Enquirer: 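Please see the structure below; I have some questions.
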Amino acid sequence: MSNKNNTKGDCFSCQNLSCLMKKNYDADSYADVVANRYIIDCKKSQSFIMEGAPVQGIFFVYSGKAKVTRTGANGKEQVIRLAADGDIVGHRGYNRATVYPIAATALENTTLCYFHHKYFTNEMQTHNTLTYDLMLFYADELDKSEARAKRYAQMNVKDKVIDTLLTIYDRFGQDEKGLRFVLSRTELANVAGTKSEQLIRSLTALKNKGWINCEGKYIFIVDAAALRKEIEKFNF
DNA sequence: CCATTAAAGTGGT
DNA sequence: ACCACTTTAATGG
């Protein structure tokens, strides 16, 4: 599923300004990055990282959307993180473990930039601005993860659904149709840590309050302020 | 376009 | 929470 290099031009022309590779190399040194980069075109619902597989490298989303998941005891899927253009995926392989603790799956046709473990490790050890940015990124992720765990421990299902909707709204925004990161009801439920039936009931309740609008799979946030107010007591 | 399948939504236990 | 059912949307020929 991979073809070597350059079907997407060099990093210099890449529009993903948030990409850590883009950010930490200048026009001259991109040549080396590009020489070590694999472009992977991933079809919808194809997994490009499998839980428990040996760490082979790291991915950046060039374009498209992906979910990062962990499987619980009874095979229940928990969505850990959503990734879109410019986002890093597979960084959880970079600890003392030698296997990925997560799975990553494309939610639509998605193009990935891939770097082999050996190359990327060497870059981290020699390119300190990249390493520093990565450290900040890991710290932010840990902070978000802890804050979320704290909130979710106190929340009921409806609160978690509101929290999930606002998280997607804040990170990916919405257009005239609705939230820019479109998920099925089941996938949304897996983000909120609940079941699709309960998620659907919560959405209906929020719709009836006039805070959101649902048009098929599109969810439009009508009153973000009201939604925030509903769960503000969990942010102390 | 219609037929088949998948997903959304509802109601009962 | 779980299951069974109806309705609606997506897919593919």
Side-chain angles (χ1 to χ4, degrees), chain A residues 1 40-51 61-85 87 89 101-112 145 147-231 233-234:
Chain A
M1 71 179 186
I40 297 173
D41 286 316
C42 215
K43 291 198 177 103
K44 181 179 178 175
S45 77
Q46 194 174 10
S47 293
F48 54 94
I49 298 177
M50 271 154 0
E51 215 171 332
V61 178
Y62 178 85
S63 66
K65 287 179 175 52
K67 62 175 179 180
V68 176
T69 59
R70 267 187 114 131
T71 324
N74 26 22
K76 274 167 192 160
E77 182 180 88
Q78 173 71 39
V79 176
I80 304 299
R81 206 164 73 91
L82 299 171
D85 301 15
D87 290 335
V89 181
I102 51 89
T105 308
L107 295 169
E108 57 187 56
N109 291 347
T110 296
T111 302
L112 303 158
S145 169
R148 193 179 123 105
K150 188 201 77 172
R151 288 199 307 278
Y152 273 35
Q154 313 251 16
M155 283 176 161
N156 61 30
V157 170
K158 203 176 106 200
D159 296 329
K160 289 181 198 173
V161 170
I162 292 173
D163 193 272
T164 298
L165 293 176
L166 284 174
T167 302
I168 295 172
Y169 177 75
D170 289 340
R171 195 149 112 72
F172 303 102
Q174 71 180 358
D175 54 28
E176 58 284 349
K177 281 181 165 180
L179 293 172
R180 284 217 174 82
F181 207 109
V182 179
L183 292 167
S184 72
R185 299 287 126 114
T186 304
E187 277 161 346
L188 254 188
N190 290 340
V191 179
T194 182
K195 294 271 145 209
S196 68
E197 294 99 314
Q198 284 189 282
L199 174 110
I200 288 164
R201 283 169 216 272
S202 298
L203 289 182
T204 305
L206 296 174
K207 200 165 57 181
N208 290 338
K209 290 205 174 215
W211 295 347
I212 66 169
N213 254 327
C214 298
E215 199 69 47
K217 59 188 173 176
Y218 298 103
I219 298 171
F220 187 87
I221 305 295
V222 177
D223 194 345
L227 293 170
R228 283 186 218 286
K229 194 159 193 306
E230 194 71 8
I231 59 168
K233 61 180 170 229
F234 299 105

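Predicted, not measured: the structure shown is a model, and the values here were computed from it. Just so it is clear: chains get the letters A, B, ... in the order the sequence lines come, proteins before strands, and each one is counted from 1.
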Enquirer: Do A:D170 and A:R228 meet the salt-bridge criterion of a basic N to acidic O distance under 4.0 Å?
Expert: yes
Enquirer: Where each residue is assigned the nucleotide of DNA chain C containing its nearest heavy atom, which of A:K44 and A:V157 is assigned the position nearer the 5′ end?
Expert: A:V157
Enquirer: Measure from CD on A:E197 to C1' on B:dT10 and round the result to the nearest Å.
Expert: 10 Å
Enquirer: Round to the nearest Å and state the distance from A:L107 atom CG to B:dA7 atom C1'.
Expert: 16 Å
Enquirer: Can you sort out the partners of A:R148 under side-chain hydrogen bond (donor to acceptor under 3.5 Å, both in side chains), two or more places apart, ordered by chain and number?
Expert: A:Y152
Enquirer: How long is the line joining CD1 of A:I200 and P of C:dT8, in whole Å?
Expert: 14 Å
Enquirer: Categorize A:S196 for me: base, sugar-phosphate, or nothing, with a 4.0 angstrom heavy-atom threshold over every strand shown.
Expert: nothing
Enquirer: Using a strict heavy-atom distance below 4.0 Å, which residues from residues 206-220 of chain A are in contact with DNA chain B?
Expert: none
Enquirer: What distance separates A:L112 CG from A:Q46 CD, expressed to the nearest 0.5 Å?
Expert: 9.5 Å
Enquirer: Rounded to whole Å, please give me the gap between CG in A:N190 and P in B:dA7.
Expert: 13 Å
Enquirer: Would you mind reading off the distance between A:E187 atom CD and B:dA6 atom P, rounded to a whole angstrom?
Expert: 16 Å
Enquirer: For A:L199 and C:dA1, what is the distance between atoms CG and P respectively, to the nearest whole Å?
Expert: 12 Å
Enquirer: Go through B:dA7, B:dT10, C:dA1 for me and flag the one nearest to the A:T204 side chain.
Expert: B:dT10
Enquirer: Would you classify A:Q198 as touching base, sugar-phosphate or nothing, given that sugar-phosphate means primed atoms plus P, OP1 and OP2, and contacts are heavy atoms under 4.0 Å?
Expert: sugar-phosphate
Enquirer: Go through the structure and list residues passing ring-ring contact (aromatic ring centres under 6.0 Å, His included) with A:F234, not counting sequence neighbours.
Expert: none
Enquirer: List in chain and number order the residues that pass side-chain hydrogen bond (donor to acceptor under 3.5 Å, both in side chains) with A:R180, two or more places apart in sequence or in another chain; answer none if no residue qualifies.
Expert: none
Enquirer: Distance-only criterion, 3.5 Å: show the donor-acceptor pairs between side-chain atoms of residues 202-215 of chain A and protein atoms not counting sequence neighbours.
Expert:
from: A:S202; atom 1: OG; to: A:Q198; atom 2: O; distance (Å): 3.0
from: A:T204; atom 1: OG1; to: A:I200; atom 2: O; distance (Å): 2.9
from: A:N208; atom 1: ND2; to: A:T204; atom 2: O; distance (Å): 3.3

Enquirer: Respond yes when some side-chain nitrogen or oxygen of A:R201 is under 4.0 Å from OP1 or OP2 of B:dG9, and no when none is.
Expert: no
Enquirer: Does A:R171 have any side-chain hydrogen bond (donor to acceptor under 3.5 Å, both in side chains) partners at least two apart in sequence or in another chain, and if so, which?
Expert: A:D87
